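Before any comments, here is the structure.
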Number of protein chains: 2
Amino acid sequence: MRHLPPLNALRVFESAARHRSFAAAGKELFVTSSAVSHQVKTLEEYLGLSLFSRSKRTVALTPAGEQYLTSVRHAFDEIEMATQRLTANQESKVVKISVAPNFLTRWLMPRMARFQALYPDIELEINASMGLLDFDRTSTDMAVYFGNGEWDDIEVHFLRKIMLVPVCSPQLLEGELPLEKPEDLAKHTLIYVRKRKWEWENWLHQSGVDFISARGSLQMSSGQLATAAAEEGLGVALADSTLTSREIKSGKLVVPFDIQLDTNRAFYLVYRKQRPLTIGMKAFKEWMMSEM
Amino acid sequence: MRHLPPLNALRVFESAARHRSFAAAGKELFVTSSAVSHQVKTLEEYLGLSLFSRSKRTVALTPAGEQYLTSVRHAFDEIEMATQRLTANQESKVVKISVAPNFLTRWLMPRMARFQALYPDIELEINASMGLLDFDRTSTDMAVYFGNGEWDDIEVHFLRKIMLVPVCSPQLLEGELPLEKPEDLAKHTLIYVRKRKWEWENWLHQSGVDFISARGSLQMSSGQLATAAAEEGLGVALADSTLTSREIKSGKLVVPFDIQLDTNRAFYLVYRKQRPLTIGMKAFKEWMMSEM
DNA sequence: CTCGATTGATGAGATTATTTCATCATTCTG
DNA sequence: CAGAATGATGAAATAATCTCATCAATCGAG
């Protein structure tokens with residue numbers, strides 16, 4: 001037995017809360033602000049509490065209203081996306097893609113011309129974002145993730161392993177501190193990515209180096225920043241060789257030791273489980289599988 | 001601008017789909033089956049596709065209907081839980097707890113009498129389940145998780161570190177294969193938990209043992225099964241010393257080497273972020289923090 | 001084998017929910 | 001300062017939802 005509040009009132013509340021305005025909600029829903037006011041009142045009576053605090057000509061959400069809005073928005077996002085997927089045109093040639101900023105600038109954008117040449121009538125809408133997506137609630141079609149591939153409830157397709165090599169500015173090679181053998185790293189600054197300290201630990205272990213601390217360390221919040229810091233000569237970072245190939249070729253970065261860390265992580269193409277692929281998604285998947 | 005289907009029709013669809021019956025849905029919703037039939041028809045017309053396939057006196061969900069039900073259920077679960085939280089009695093003395101089966105039988109149940117003595121008017125409703133919960137959609141109040149504590153969007157409170165020691169049946173000590181030094185493990189079966197192979201790898205590394213393979217290995221799907229397999233004399237498992245203290249005391253299990261693996265994992269008490277705690281939740285939290 | 005019960009479909013009409021309209025109070029802006 | 005704008009509220013109009021009646025087709029108990 002399910003207990004749900006009056007759903008039409010909820011729909012009106014969500015709009016009013018999102019706009020912080022009954023008038024704006026009325027416009028969005030094609031009803032008068034009076035209808036909005038009545039529906040909100042109905043919902044507040046049902047719940048036995050206030051969702052808005054009224055102040056002169058404006059309304060503000062109460063803390064309860066804020067909490068409720070968060071959940072109701074989530075729920076309506078899911079309904080909206082599910083409805084959209086059900087009614088979506090399988091022939092669509094537009095694909096919404098989400099990738100990490102680092103991947104976008106270093107790998108995808110340099111190859112965009114090739115994709116467009118091969119698939120001239122497929123249109124990519126690309127969003128740069130970190131972290132995982134909730135495919136129940138996003139309109140994004142596909143994403144490129146990196147990690148161990150163990151994500152539940154989504155379709156995960158292996159693209160390519162991540163192979164990390166140390167990279168630094170050529171300035172560091174010309175500096176007064178030597179950088180000729182892995183042991184020399186002890187006298188340099190190691191650049192880590194937050195939550196991925198193990199990368200350097202594992203690389204050093206694999207290289208047969210066993211030391212407790214380097215001269216110093218620098219912790220960055222993302223791989224992109226870590227690589228940028230290396231380019232600035234701030235120290236040595238570990239980076240995926242494919243993502244930094246352009247910088248290596250141009251001489252902005254050098255690889256002091258060609259020792260690759262074979263991580264258990266890789267790039268993966270992901271999308272919602274059990275989702276039939278549109279023409280655009282099929283094209284993008286096919287291209288990613290062959291290009292990487 | 002949000003696009004939602006007719007929500008009352010959706011509510012009726014969800015009930016009919018969940019029951020696989022218009023008649024049952026009518027009973028649940030206190031309307032006639034005719035109303036259900038009309039509402040489902042309205043929704044199918046809106047979507048432009050069928051959600052049910054009709055066959056004589058019964059209905060079955062179409063694949064589209066199944067997909068839609070999954071999402072709509074999720075969404076309604078969230079609305080229902082959010083509404084419940086908003087209207088919940090903060091004075092409630094009933095707490096719904098979810099813990100792993102291993103933790104329940106080995107740690108919580110043996111201490112239940114103590115909890116009830118200390119908090120006689122608090123009622124625990126305990127559910128044993130594996131994996132993480134979605135606190136947006138569950139009515140469970142609190143859970144005990146183990147892991148690295150890095151879970152986003154929930155309130156995480158450290159309880160106690162997990163310290164793993166090797167355990168086995170006393171039979172193994174009396175067997176013909178010696179088990180006196182960690183190196184002797186090479187001739188025994190190591191019992192792993194799926195996805196946690198690193199536990200043995202790290203323990204061996206910490207013990208100064210460096211061998212590539214043992215005589216064999218046995219992979220179990222849960223810690224509970226791994227410990228049970230050890231009790232059966234099938235090999236050596238790694239187990240948390242607190243969880244197995246009763247078996248160790250009773251002699252069902254022995255600790256061949258008192259070398260504890262200091263993992264980065266621990267037990268944590270978790271609940272929904274920003275949720276005001278009921279009296280029952282406060283009591284349970286207080287007790288867990290002091291008891292562990 | 002038959003008849004009553006059961007399930008779902010459908011159209012017409014009844015009922016209820018939702019909305020508009022009218023009015024009010026209060027503020028804000030040109 | 002006057003008109004515009006926002007939200008509240010009650011009465012009445014409108015639209016959505018539901019019941020009722022009927023139908024078709026099956027199933028199960030006697």
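Predicted model only: the values in this text are computed from it and were never measured. So that the names make sense, note that chain A is the first sequence line, chain B the second, and so on, each numbered from 1.
Atom CG of B:L7 is separated from atom C1' of C:dA17 by 14 Å (rounded to the nearest Å). For the pair B:L29 CG and C:dG8 P, the interatomic distance rounds to 13 Å; values are reported in whole Å. In this entry the distance linking CG of B:L51 with P of C:dG8 reads 15 Å, nearest Å. Taking atom CD on B:Q39 and atom C1' on D:dA15, their separation rounds to 13 Å, with Å as the unit. Here C:dA17 presents its P atom at 16 Å from CZ of A:R11, a figure rounded to the nearest Å. To the nearest angstrom, P of D:dT9 lies 8 Å from CZ of A:R54. Atom pair A:E44:CD and D:dT9:P shows a separation of 10 Å (rounding to whole Å applied). Between B:L43 atom CG and D:dT17 atom P there is a gap of 11 Å when expressed in whole angstrom units.
Between B:N8 and the phosphate of D:dC18, there is a side-chain N or O to OP1/OP2 separation shorter than 4.0 Å.
If you find the closest nucleotide of DNA chain C to B:T58 and to A:P6, the one lying nearer the 5' end belongs to B:T58.
Residue contacts for A:T42: at a heavy-atom cut-off of 4.0 Å it reaches no nucleic acid atom on any strand shown.
Nearest nucleotide to the A:K41 side chain, out of C:dT18, D:dG10, D:dC18: D:dG10. The side chain of B:F22 has C:dA9 as its nearest neighbour among C:dA9, D:dG7, C:dT19.
Between B:F22 and B:F52, the ring planes lie perpendicular to each other; the angle is over 60°, past the 30° to 60° tilted range.
For B:F284 and B:Y119, the ring centers sit 6.0 Å or farther from each other. For B:F267 and B:W107, the distance between ring centers is not under 6.0 angstrom.
In this structure, A:E44 contributes its side chain and A:L51 its backbone to a donor-acceptor pair below 3.5 Å. Under a 3.5 Å cut-off, the side chain of A:Q39 and the backbone N or O of A:S34 do not form any donor-acceptor pair. Judged by distance alone, the side chain of A:E232 and the main-chain N or O of A:T227 form no donor-acceptor pair under 3.5 Å. Between the side chain of B:T62 and the main chain of B:S50, a donor-acceptor pair closer than 3.5 Å is present.
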**Request:** Classify every nucleotide of nucleotides 19-30 of chain D by which part a protein heavy atom approaches to under 4.0 Å, writing B for the base, S for the sugar-phosphate alone and - for neither, in 5'-to-3' order.
**Result:** BB----BBS---
